[in-house]
Amino acid sequence: MENILEVRHLQKAFGRHEVLKDINFTVEQGKIVGLLGKNGSGKTTLMKSILGLLSHSGEVYFEGKELDVKDTRAMNRIGVLVDTAFFEDMTAFDNLEILMLSTPHRDNSNRKRDIMELLKFVGLEENARERVKGFSFGMKQRLALAQALLNGPKLLILDEPFVGLDPLGITLVKDKLMELCREKQASIIFSSHQLAEVEELSEELVVIEDGHVKYFGTYTDLARQNKEYRIIMDKEVTLGMLKSLNEQGCEVQKISEQQIRLSHGEKTLDPVLFCLHENGYTICEIIREDRPLETLFA
Ligand code: ADP
């Protein structure tokens, strides 16, 4: 599958504060990728850097070519919901029309129809002629999404698109985003600090922490890696035994005299049990205790 977006060694600092130290990931065509990280971990900074709204070092490739923000045709193919601002005294319809008319190379021959279709798509058709300043936060989010969809983008970059939406609004937007990916093979990268939001919409995750990509892969693999086991034995676990297990690449911690905790136990549970048995331990109990994935992002 072709990569629509590729981020390589992206770094961004504000003065001495290195927010992004070395960010690498890819987004395949037609895929939805959730960008997760705690508040302040740099999600918005990353999106703005990708879009050239912030200076940074490292490379960003879009459809196989280094992204040049002056390349208006390439930029038209990217829909953006990051810090969206509106003409508050104008109607939703007029906001979209102004944006359309100011988009270079856009075919505006059917613009009235296109605008109404977009407003319908985000559930705002009834509000087309209302001024934006009277909109709720959730309505503004949906209008921002309509703006992002204006040029039929191949890639959508959405910063916290569900913030401020009520449960119905969240379902509507999620369904619409999935429809776009399915039917138009569009790709989406969206940020969130809530795992549940990401889990429903995307199978792929990029988790950022301390300026690095802490995890890039599928949700299923992450859940698998997160398996933890508590192993209770018939006698005290010696430090020598612990050291030997850790040296073999098993992440083991002693939690009481006769108990150890094994992290990332998907592949290491069997070797650990074997090793304990070989060394004369009898296993009394094995308790699976998966770490809640939320602890990664809370
Ligand atoms: P997130 O989107 O994950 O909540 P941000 O990208 O907004 O995180 O912020 C990451 C860090 O960068 C924060 O510590 C924030 O204070 C800092 N930061 C963001 N923008 C600026 C800026 N323009 N000037 C200085 N520091 C900034």
Side-chain angles (χ1 to χ4, degrees), residues 7-14 16-26 33-43 45-46 58 191-200 202-298:
V7 174
R8 289 193 204 153
H9 305 301
L10 195 144
Q11 290 171 281
K12 173 68 194 169
F14 295 104
R16 289 224 200 120
H17 183 192
E18 287 181 62
V19 177
L20 304 173
K21 294 173 186 159
D22 186 17
I23 302 290
N24 299 278
F25 66 91
T26 52
V33 174
L35 177 64
L36 268 166
K38 295 176 187 173
N39 281 326
S41 58
K43 302 180 294 295
T45 303
L46 175 57
S191 67
S192 174
H193 57 278
Q194 286 189 320
L195 185 69
E197 245 171 38
V198 176
E199 184 195 345
E200 255 180 58
S202 66
E203 173 55 6
E204 294 227 324
L205 300 177
V206 174
V207 180
I208 51 174
E209 188 181 292
D210 193 26
H212 295 274
V213 174
K214 186 179 180 191
Y215 180 78
F216 172 41
T218 64
Y219 179 82
T220 319
D221 278 350
L222 180 67
R224 208 178 285 143
Q225 277 183 25
N226 236 34
K227 274 188 190 166
E228 281 197 351
Y229 297 92
R230 192 149 54 91
I231 305 169
I232 305 170
M233 275 144 301
D234 63 330
K235 59 178 184 237
E236 186 176 356
V237 191
T238 63
L239 285 178
M241 187 69 242
L242 269 185
K243 196 162 167 251
S244 151
L245 288 171
N246 280 307
E247 277 169 2
Q248 292 172 50
C250 307
E251 263 184 62
V252 175
Q253 260 182 316
K254 185 167 173 175
I255 51 173
S256 75
E257 256 190 19
Q258 291 170 224
Q259 288 189 48
I260 57 170
R261 173 170 292 132
L262 171 66
S263 303
H264 308 294
E266 169 75 0
K267 293 204 178 92
T268 48
L269 179 64
D270 285 348
V272 165
L273 295 179
F274 181 76
C275 202
L276 288 168
H277 177 72
E278 286 279 281
N279 284 277
Y281 290 90
T282 302
I283 312 295
C284 303
E285 206 175 345
I286 303 168
I287 303 161
R288 190 167 148 188
E289 287 184 333
D290 293 354
R291 234 177 330 158
L293 293 180
E294 282 77 8
T295 55
L296 288 167
F297 327 107

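FYI, side chains are in, hydrogens and waters are out, and symmetry mates aren't considered; it's all heavy atoms of this structure. Worth saying up front: this structure is predicted, and the values here are computed from it rather than measured.
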Value for NZ (Lys214) from NE2 (His212), rounded to nearest 0.5 Å, stands at 12.5 Å

Where do Ile231 and Leu269 land on the side chain to side chain contact (heavy atoms under 4.5 Å, CB included) test, with the steps shown first?
CA-CA 10 Å; Ile231 305 169; Leu269 179 64; 4.1 Å; yes

Kindly indicate, with the supporting measurements, whether the criterion side chain to side chain contact (heavy atoms under 4.5 Å, CB included) is fulfilled by Phe25 and Leu46.
CA-CA 12 Å; Phe25 66 91; Leu46 175 57; 3.8 Å; yes

Check for a donor-acceptor pair, side chain of Tyr215 on one end and backbone N or O of Leu222 on the other, with a separation under 3.5 Å.
yes

Check: Val198 main-chain N/O paired with Ser202 side-chain donor or acceptor under 3.5 Å:
yes

Can you tell if the side chain of Gln11 reaches within under 4.5 Å of the side chain of Leu20, non-hydrogen atoms only?
no

Taken to the nearest 0.5 Å, the spacing of Leu262 CG from Gln253 CD works out to 10.0 Å

Cation-pi check, Lys12 to Phe14: give yes when NZ or CZ is under 6.0 Å from the six-membered ring centre and within 45° of the ring axis, no otherwise.
yes

Could you check whether any side-chain N or O of Gln258 sits under 3.5 Å from a backbone N or O of Met233, counting only pairs where one atom can act as donor and the other as acceptor?
yes

Find out whether Ile283 and His277 are in side-chain contact, i.e. whether some heavy atom of one side chain is under 4.5 Å from a heavy atom of the other.
no

If you measure from OG on Ser244 to CG on Leu242, what distance do you get to the nearest 0.5 Å?
9.0 Å

Check step by step if side chain to side chain contact (heavy atoms under 4.5 Å, CB included) holds for Asn279 and Thr238.
CA-CA 11 Å; Asn279 284 277; Thr238 63; over 6 Å; no

Nearest heavy-atom neighbours spanning Lys43 and Leu36:
CD-C, 4.0 Å

Measuring from atom SG of Cys250 to atom NZ of Lys267, what distance do you get when rounded to the nearest 0.5 angstrom?
12.5 Å

So how far is it from Thr218 OG1 to Glu204 CD, rounded to the nearest 0.5 Å?
7.0 Å

Before you tell me yes or no, could you show the steps for Leu245 and Thr268 under side chain to side chain contact (heavy atoms under 4.5 Å, CB included), namely the whole-Å CA-CA distance, both residues' side-chain angles and the distance that decides it to 0.1 Å?
CA-CA 10 Å; Leu245 288 171; Thr268 48; over 6 Å; no

Heavy-atom closest contact (Asn24 atom, Val213 atom, distance)
O-CG2, 3.5 Å

Kindly give the heavy-atom pair with the smallest separation between Lys254 and Ile260, and that separation in Å.
CA-CG2, 4.2 Å

Looking only at heavy atoms, which two atoms of Met241 and Cys275 are closest? And how far apart?
CE-SG, 3.7 Å

Once you round to the nearest 0.5 Å, how far does CD of Glu236 lie from OH of Tyr281?
8.0 Å

Nearest heavy-atom approach of Lys21 to Asp210 is NZ-OD1, 2.9 Å

Which heavy atom of Arg261 sits nearest a heavy atom of Glu289, and at what distance?
NH2-OE1, 3.5 Å

